[in-house]
Amino acid sequence: MTEDDQRHLLVDLARSLFARGLSVGSAGNISLRLADGYLITPTNSSLGRLDPARLSRLDAEFRHVGGDPPSKEVFMHRAFYLTRPEAGAVVHLHSTMATAVACLPDVDAANPIPPLTPYFVMRVGRQMPVVRYFRPGDPAMEPAIAEGARDARAVLLANHGPVVSGRTLTDAVYAAEELEEAAKLFLILRRGEHRLLTPPQVEDLLANFG
Ligand code: 13P
């Protein structure tokens, strides 16, 4: 895919997320890895109205080299790219259900959403830790996210929202969408009886689709 194709894909997927309410206002940011750097959404931009030509371009050292000023969360994305060499894109949202789970005091911080459905396991993986609260834009978040990203494709930022990586931008967006649905199911089911996927079922999914 050319850089131009990547720019248009990012804008199209961002608009789709915004249209479905997974991002509101100017919340959220999206990045992808290029051969010689990164593209990331500009700070204070609405995911519903991005301009492909004005996306922020970063060089391989994450320095701003083109387009509008980048998201204040560049370091959040960098934590994933530097920790997970296979990550080709990162999506950060304030999507309601995942953020609701990120506000619960009584979940397992190592893995707050259990394996309820195959597509959650296939897209997001075996685990997704909660990273303690930091102010948005606080660079102190980077090492905490990097630590969480060592063994997970996604993390939940306490009281803030999900950060999800994927091999491609489409993978990362699909994973963020599955995460939002799994969070919704978890919130619906958590006070009542429900069945989880068994550990062998989870391993079978990861062996075949992981
Ligand atoms: P930016 O507008 O700087 O990308 O920040 C939005 C956001 O979601 C902060 O977490």
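The structure displayed is predicted, hence computed values, not measured ones. In listed order, ligands and their atoms are each counted from 1.
Those atoms of ligand 1 that come under 4.0 Å of a heavy atom in S71, given as number and element, are 1 (P), 3 (O), 4 (O). Against a heavy-atom cut-off of under 4.0 Å, E73 is close to the following atoms of ligand 1: 9 (C), 10 (O). Within ligand 1, counting atoms from 1 as listed, the ones closer than 4.0 Å to a heavy atom of H92 are 8 (O), 10 (O). Each of the atoms 10 (O) of ligand 1 lies under 4.0 Å from some heavy atom of H160. In the vicinity of N44, heavy-atom distances shorter than 4.0 Å reach the ligand 1 atoms 1 (P), 2 (O). Under a 4.0 Å criterion applied to the non-hydrogen atoms of S26, ligand 1 contributes the atoms 2 (O), 6 (C).
Defined by atom type and a distance below 3.5 Å, a donor-acceptor pair is missing between the side-chain atoms of R49 and S45.
In this structure, D171 does not pair ionically with R167, as no charged nitrogen and carboxylate oxygen lie closer than 4.0 Å. A salt bridge links R191 with D106: the distance from a Lys NZ or Arg NE/NH1/NH2 to an Asp or Glu carboxylate oxygen falls below 4.0 Å.
Among protein heavy atoms, atom 3 (O) of ligand 1 sits closest to T43 OG1, 2.6 Å. At the top of the distance list for atom 8 (O) of ligand 1, counting protein heavy atoms only, stands G28 N, 2.8 Å. Given atom 5 (O) of ligand 1, the protein heavy atom at minimum distance is K72 NZ, 3.0 Å.
The only option from V24, T41, L10 that meets the side-chain contact (heavy atoms from CB on, under 4.5 Å) definition with L47 turns out to be T41. Across Q127, M128, R84, a single residue satisfies side-chain contact (heavy atoms from CB on, under 4.5 Å) together with D151, and that is Q127.
With Y174 as the aromatic partner, R123 does not meet the cation-pi criteria of under 6.0 angstrom to the ring centre and within 45 degrees of the ring axis.
Only the side chain of N29 comes within 4.0 Å of ligand 1, judged by heavy-atom distances.
There is no path of hydrophobic side-chain contacts, each under 4.5 Å, that joins L179 to L13.
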